Amino acid sequence: MSGINKYKVSEELFAKAQEYIPGGVNSPVRAFRDVDAIPPFIVRGDGSKIYDEDGNEYIDYVGSWGPMILGHNNKLVNEKLKEQIDKSLSFGAPTRLEVEIAELITELVSSVEMVRLVNSGTEATMSAIRLARGYTGRNKIVKFAGNYHGHGDSLLVQAGSGALTHGVPSSGGVPETISQNTIVAEYNSIMSVENIFKEQGTDIAAVIMEPVSGNMGVVSPTKEFMDFVRKTTKDYGSLLIIDEVMTGFRVAIGGAQSLYKVEPDLTCFGKIIGGGMPVGAYGGKKDIMKYVAPLGPVYQAGTLSGNPLSVTAGITTLTYLKENPQVYIELERKGSLLQEGIESAIKEFNVDALVNRVGSMLTLFFSKDKVVDYTSAKQCDTKKYASFFKNMLQQGIYLPPSQFEACFISMTHTDEDIRKTVEAVRNAFKSL
Ligand SMILES: Cc1ncc(COP(=O)(O)O)c(C=O)c1O
């Protein structure tokens, strides 16, 4: 096969895309710049597999960055969508579906009593921040270094994900007057939260956090840290916003907040609640949610919010997860199978690397030392990750194109997929 370019069509499309779309992509990480590669252009997916324009098959560990927990081309979701399509695509008027999904979310996530649907995770966090400010009458917010909450102005300060990889701690175009109100704390550091609150606690509207961070790679919080953040925010009259855009319905049916037994004031959702369609949501206690327009003074709206197609895909996915609790046991089993396989390859080839995992979210870090926060994540050997990534791609394994992202396992990943993946890891380690 040597001499045949197996990415020819993707390369041509990428060259053309760059003429019309900034960087050729509609979200920066998709450009594969951090791994110095050309992105395959994807045409379809089925179960755990995706296929590119050149006909290459990959075992997919990106899963559209989290939503595809049931795998690609899920028959249940597709059938419901087809039924809904025949009833028109959007009304901009109330529907029964919105009531159903709101009821479902409040039933599954105990801290949420009322919920507002939006169109993306970014909108969810932006709106939750506005609500926290409107509710408390305070302006400052605290976020954690390496946590990413979408691209809203106040939250693009030492953000993870694409912003972390590109070394852009805050984006161009964000006025200082806005970022001044964002205080950055260290993840997993009680002392950093304590100091910030001692100095400015009475001005802080909210702390926003990823309850398991996926955007500097997978980093889990200690229980003490979570409890401390909850207690401190309460003591100072600030709100705790837990951003479950990635973790919601992924790490447990009740979200990471149910795993860590912490009750936030507000929660943000996205990804899985749209089953692969664009969606977001924020919700929480009724007395806070009643500040949202039209009930209260905090304005927030959306032409396509609660779109019947997104909501249909979301209801179908959430209902499946609710009715099949063994999903989370199975995802844990698959996750630990993959983790054990990679860890034994790390030992076998004596690679400076380690695996962090929570359920079906996993990151292989090229680091000797534990990764527990942004500082330790930044120590990773990103060049090594890039070579590893390219080698895996060549072997048909589609990983996140950045060291600072999570791999997602779906219900359709088979033990055979995982075995093949571990074999590919061994091959890649051999040639590192
Ligand atoms: C934790 C978290 N919050 C918010 C967002 C933003 O969501 P979206 O990309 O849908 O705007 C993301 C995206 O990956 C995320 O991981």
Side-chain angles (χ1 to χ4, degrees), residues 25-31 34 61-69 109 116-130 132 141 143-166 171 182 187 206-221 240-251 255-257 259-260 264 266-283 300 302 304-305 307 310-311 313-314 317 358-363 374 377 400-402 404-408:
V25 291
N26 285 310
S27 198
V29 73
R30 296 181 200 170
D34 306 311
Y61 287 99
V62 173
S64 191
W65 302 95
M68 310 311 285
I69 192 165
V109 183
R116 169 59 65 81
L117 293 179
V118 292
N119 299 292
S120 66
T122 296
E123 266 188 72
T125 57
M126 272 166 43
S127 311
I129 294 287
R130 183 180 303 147
I141 56 164
K143 78 172 285 288
F144 292 96
N147 277 194
Y148 176 69
H149 305 287
H151 62 89
D153 282 352
S154 344
L155 293 165
L156 266 185
V157 181
Q158 284 204 16
S161 203
L164 172 54
T165 316
H166 295 127
S171 160
T182 305
Y187 202 71
V207 173
I208 184 164
M209 72 185 300
E210 284 186 71
V212 169
S213 185
N215 286 296
M216 47 183 162
V218 174
V219 174
S220 56
L240 173 60
I241 305 171
I242 289 204
D243 178 355
E244 299 246 24
V245 167
M246 193 182 273
T247 52
F249 309 100
R250 160 67 60 186
V251 296
Q257 55 191 265
L259 282 186
Y260 292 91
L266 291 173
T267 301
C268 301
F269 300 101
K271 302 195 192 253
I272 287 178
I273 65 160
M277 299 285 291
V279 87
Y282 63 103
Q300 183 272 308
L304 291 171
S305 293
N307 172 271
S310 298
V311 174
T317 304
V358 177
S360 55
M361 288 169 59
L362 172 151
T363 300
Y374 177 67
S402 158
F404 307 114
E405 300 284 359
C407 292
F408 296 101

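Side chains included, hydrogens not; waters and symmetry mates left out as well; all remaining heavy atoms used. Residue numbers run from 1 in the order of the sequence given. Both ligands and their constituent atoms are indexed starting at 1 by order of listing. On a predicted model such as this, the values are computed, not experimentally measured, just so you know.
Here the straight-line distance linking atom CD1 of Ile241 with atom SG of Cys268 works out to 6.0 Å at 0.5 Å rounding. How far CE of Met209 is from NZ of Lys143: 11.5 Å, rounded to the nearest 0.5 Å. Note that OG1 of Thr317 and CE of Met277 are 11.0 Å apart. Values are rounded to the nearest 0.5 Å. Between the CG atom in Asp153 and the OG atom in Ser171 there is a gap of 7.5 Å [rounded to 0.5 Å].
Put simply, part of Lys271 is less than 4.0 Å from ligand 1, judged by heavy atoms. Under a 4.0 Å heavy-atom criterion, Tyr148 is in contact with ligand 1.
Between His149 and the choices Thr125, Asn215, Asp243, Thr122, the side-chain hydrogen bond (donor to acceptor under 3.5 Å, both in side chains) rule is met once, by Asp243.
For ligand 1, the atoms closer than 4.0 angstrom to any heavy atom of Glu210 are 1 (C). Remark: ligand 1 atoms within the under-4.0 Å shell around heavy atoms of Gly150 are 4 (C), 5 (C), 6 (C). Contact atoms of ligand 1 toward Val245: 2 (C), 3 (N), 4 (C), 5 (C), 7 (O), 12 (C), 15 (C) (distance under 4.0 Å to a heavy atom of the residue). With ligand atoms numbered from 1 in the order given, ligand 1 contributes 10 (O), 11 (O) to contacts under 4.0 Å with heavy atoms of Ser120.
At least one N or O atom of Gly121 sits closer than 3.5 Å to an N or O atom of ligand 1. Between Thr122 and ligand 1, an N or O atom pair is found at a separation short of 3.5 Å.
With a 4.0 Å heavy-atom cut-off, ligand 1 is reached by no atom of Asn147.
Listed for the Asn119 side chain is no donor-acceptor partner under 3.5 Å among the backbone atoms of Pro278.
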- Item | Worked verdict on Thr247 versus Glu244 for side chain to side chain donor-acceptor pair (under 3.5 Å) | CA-CA 5 Å; Thr247 52; Glu244 299 246 24; 2.6 Å; yes
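Among Asp243, Val212, Val279, the residue whose heavy atom lies closest to atom 1 (C) of ligand 1 is Asp243.
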